[in-house]
Every structure is written in structure tokens, then in C-alpha cells.
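Data first, discussion second: the structure below is written as C-alpha cells.
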Number of protein chains: 2
Amino acid sequence: MKRIKQNTLERRANILKALAHPSRLMMVDELAKGERCVCELQQLVRADMSTVSKHLTVLKRAGLVESEKRGLQVFYTLLSPCVMNFFTCVESVIAAHKEQAATVARK
Amino acid sequence: MKRIKQNTLERRANILKALAHPSRLMMVDELAKGERCVCELQQLVRADMSTVSKHLTVLKRAGLVESEKRGLQVFYTLLSPCVMNFFTCVESVIAAHKEQAATVARK
DNA sequence: CGTCTATTTGGCTATATTGCCAACTAGTTG
DNA sequence: CAACTAGTTGGCAATATAGCCAAATAGACG
């Protein structure tokens, strides 16, 4: 029955919020395969370099990735590959929701 | 190497976004223990009833909960308890991040 | 040193989210 | 039906997020 501390909830929410964007999900998915430089991620999501950089800052502030500069490039690494496990559950939510929407429509 | 479809990414992001709020996380955590009426959830998060109701609408639109009216009350149920598994991973991110922040500060 | 390349930062506008209040809806009960 | 209770909806102001451009930074290299 114990309530979770407000602080804990906020930190958890921050991490989920950091993930809650299509471009950032795409980048995380790519980083799950190995480290990538910003330029590679930019080509992937096809957004302005500055936009990509800001998305990466969001992920970094949340503690999901870290970066290392080597020469002219900055390489990002996914620190918590366990987030990839979220998607099995997320997909099941999507599937169930679609089904339910169809059922409602059928009425 | 295949890019995930934009559409899939958006739907995934929507679900994560729905979870990414302290009050909603608190409600989801409570609903993981069983169905609850809006009034119970309101007491838990101590916000305006209308605010609670809107948070629940967000969770419902994402397909995470469903609601049933019985008498004067509306009961909400968590449809995908698997989201509770997210938090083990989320906590590890928080722990690692804290550690790293401490390391940086120590320099 | 001057220039090129990769990335970050600042600034701005457009859009989305949050949370409150007030008004409305829908059951319940006298 | 009138009054009450539980919840939802509309509307608004405050705040946060997204994405673009321009300017700044930081290595690499002639």
C-alpha cells in the first residue's frame, strides 16, 4: 500500500519522457547495434544536425547514452540496452489496442 | 540494418509518452494492484478530479487502461501489467546515472 | 595560422502539455 | 422531480518541447 516517493516518480518519468519521441527511439534502436557518430544518426533520422544533437542531449541527460569525442567526431553509446526489452510489451499494448478499436468499430 | 517504420516509432513513442508523467506513473502503479475508481486515484495523487480524469484519458487513449462505469463510479483497470517490468531497467539507468554524476563531480 | 569538418549552443517560433476552474452529464436517492 | 455524488468536458493561462537557422567551438590539416 505504500506510495512511491514523488522524487522517484519524477526521475522515472524523466527517463520515459526521454525515450518518448520517434526520432529518439530510432536512434536508440540504432545505438543498440553499437556506437554511432552523430553524423550517422543524422543520416538515419534525416533531421537537421542541430536537432539530432539536441535529441542526443536529451538522451544523455537522462543517463541513457554517453558520448566520447574522437578526432572530429562524437560517438554515442547506449548505456542501458535493457530498454530494448520495453518494446515487446509496447507492441502488445499496440496490438491489444488495435483489436479493441476494431471491436468497438464493429458494433 | 533495416530502419523501423516511422509509423511504428510514433505509436511506440505515444505509449511511452502516456507513461511519462509522475502522476500517471503513480496511478499505473496503483492500478497494478487491482482496479480502482477515479475517486481512489484522486486521493492518491491529490490533484483536482478533472486533472486526474484527464490523466486517465491519456492512459486510455494509449491503450494502457480501460474503464467501466458501475453505478456512480468509474473503475479503471490496467490492461498491460507488463509495463511494470520497465522499472527494473529504469532504476538501473537511474543508479548508473547517479554514479556517473558522482564520478564527474569527484574530478 | 587559416580553413575545413563535425558538433554544440543560442535564439526564435510553433505546437503540445499541464492543471486549474466552471459548466455539464449521468446515475442515485429521497 | 429535486438534490446529491462521481466523473467528464471546455476553456484558459503557464510552461515545456520540437525543429529550424545562425553563430560559436574544437579538432584536423595544409
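Just so it is clear: chains get the letters A, B, ... in the order the sequence lines come, proteins before strands, and each one is counted from 1. Values below: all heavy atoms of this structure, side chains included; hydrogens, waters and symmetry mates excluded.
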Practice item. Could you tell me whether B:Ser50 contacts a base, only the sugar-phosphate backbone, or nothing, with contacts defined as non-hydrogen atoms closer than 4.0 Å? Key: base
Revision key, fill the gap. Looking only at D:dG27, C:dT8, C:dA26, the nucleotide nearest the A:Val74 side chain is C:dT8
Practice item. Indicate, with a heavy-atom threshold strictly under 4.0 Å, whether B:Lys60 touches base, sugar-phosphate, or nothing. Key: nothing
Practice item. Return the nearest nucleotide to the side chain of B:Gln73; candidates are D:dA6, C:dC20, C:dT7. Key: D:dA6
Check your understanding: Over how many whole Å does the gap from B:Arg61 atom CZ to D:dT8 atom C1' extend?
Key -> 13 Å
Review point. Side chain of A:Thr51: nearest nucleotide among D:dC20, C:dT8, C:dT17?
Key: D:dC20
Check your understanding: So which nucleotide from C:dC20, D:dG7, D:dA28 ends up closest to the side chain of B:Asp48?
Key -> C:dC20
Study note, to complete from the structure: Whole-Å distance, B:Asn14 CG to D:dT17 P, equals 16 Å
Exercise for review: Round to a whole Å and report the spacing from CD of A:Glu68 to P of D:dA26.
Suggested key: 17 Å
Check your understanding: Quick one: B:Arg46 CZ to C:dT18 C1', roughly how many Å, whole number?
Key -> 20 Å
Exercise for review: Taking all non-hydrogen atoms of both residues into account, name the closest pair between B:Ile4 and A:Met26 and its distance.
Suggested key: O-CE, 4.1 Å
**Study point:** Side chain proximity check, A:Val83 to A:Val28, heavy atoms < 4.5 angstrom
**Key:** yes
Point to revise | Candidate nucleotides C:dT7, D:dT9, D:dG19, ranked by approach to the side chain of B:Ser53 - the nearest | key: D:dT9
Check your understanding: Hey, does B:Tyr76 reach any base, or is it just sugar-phosphate, or nothing, if we go heavy atoms under 4.0 Å?
Key -> sugar-phosphate
Practice item. Determine whether A:Phe86 and B:Ile15 make a side-chain contact, defined as any pair of heavy atoms from C-beta on separated by less than 4.5 Å. Key: no
Exercise for review: Assign each of A:His55 and A:Arg70 to its nearest nucleotide of DNA chain D by heavy atoms, then name whichever residue's nucleotide is nearer the 5' end.
Suggested key: A:His55
**Study point:** Integer-rounded Å distance: C:dT7 P and A:Leu59 CG
**Key:** 16 Å
Point to revise | Minimum heavy-atom distance between A:Leu78 and A:Pro81, given as atom pair plus value | key: CD2-CA, 3.8 Å
Check your understanding: Is the number of heavy atoms from other residues, nucleotides or ligands within 6.0 Å of CZ (A:Arg70) greater than 12?
Key -> yes
Study note, to complete from the structure: Picking from D:dG7, D:dA18, C:dC21, the nucleotide nearest the side-chain atoms of A:His21 would be D:dA18
Check your understanding: Rounding to a whole Å, what distance do you find between A:Glu40:CD and C:dT5:C1'?
Key -> 15 Å
Practice item. Rounded to the nearest angstrom, tell me the gap between atom CG in B:Leu19 and atom P in C:dT18. Key: 12 Å
Exercise for review: Could you pick out which residue, A:Ala47 or B:Leu72, lies toward the 5' side of DNA chain D when each is mapped onto its nearest nucleotide?
Suggested key: B:Leu72
Study note, to complete from the structure: Taking C:dC20, C:dT9, C:dT28 as options, the one with an atom nearest any side-chain atom of B:Lys54 is C:dC20
Revision key, fill the gap. Picking from C:dC20, D:dG7, C:dT8, the nucleotide nearest the side-chain atoms of B:Met49 would be D:dG7
Check your understanding: Reckon B:Arg24 touches a base, only the sugar-phosphate, or nothing at all at heavy-atom distances under 4.0 Å?
Key -> sugar-phosphate
Point to revise | Spacing of B:Phe75 atom CZ relative to D:dT5 atom P, expressed in whole Å | key: 17 Å
**Study point:** Side-chain donor or acceptor of A:Arg24 paired with backbone N/O of A:Ala18 under 3.5 Å
**Key:** yes
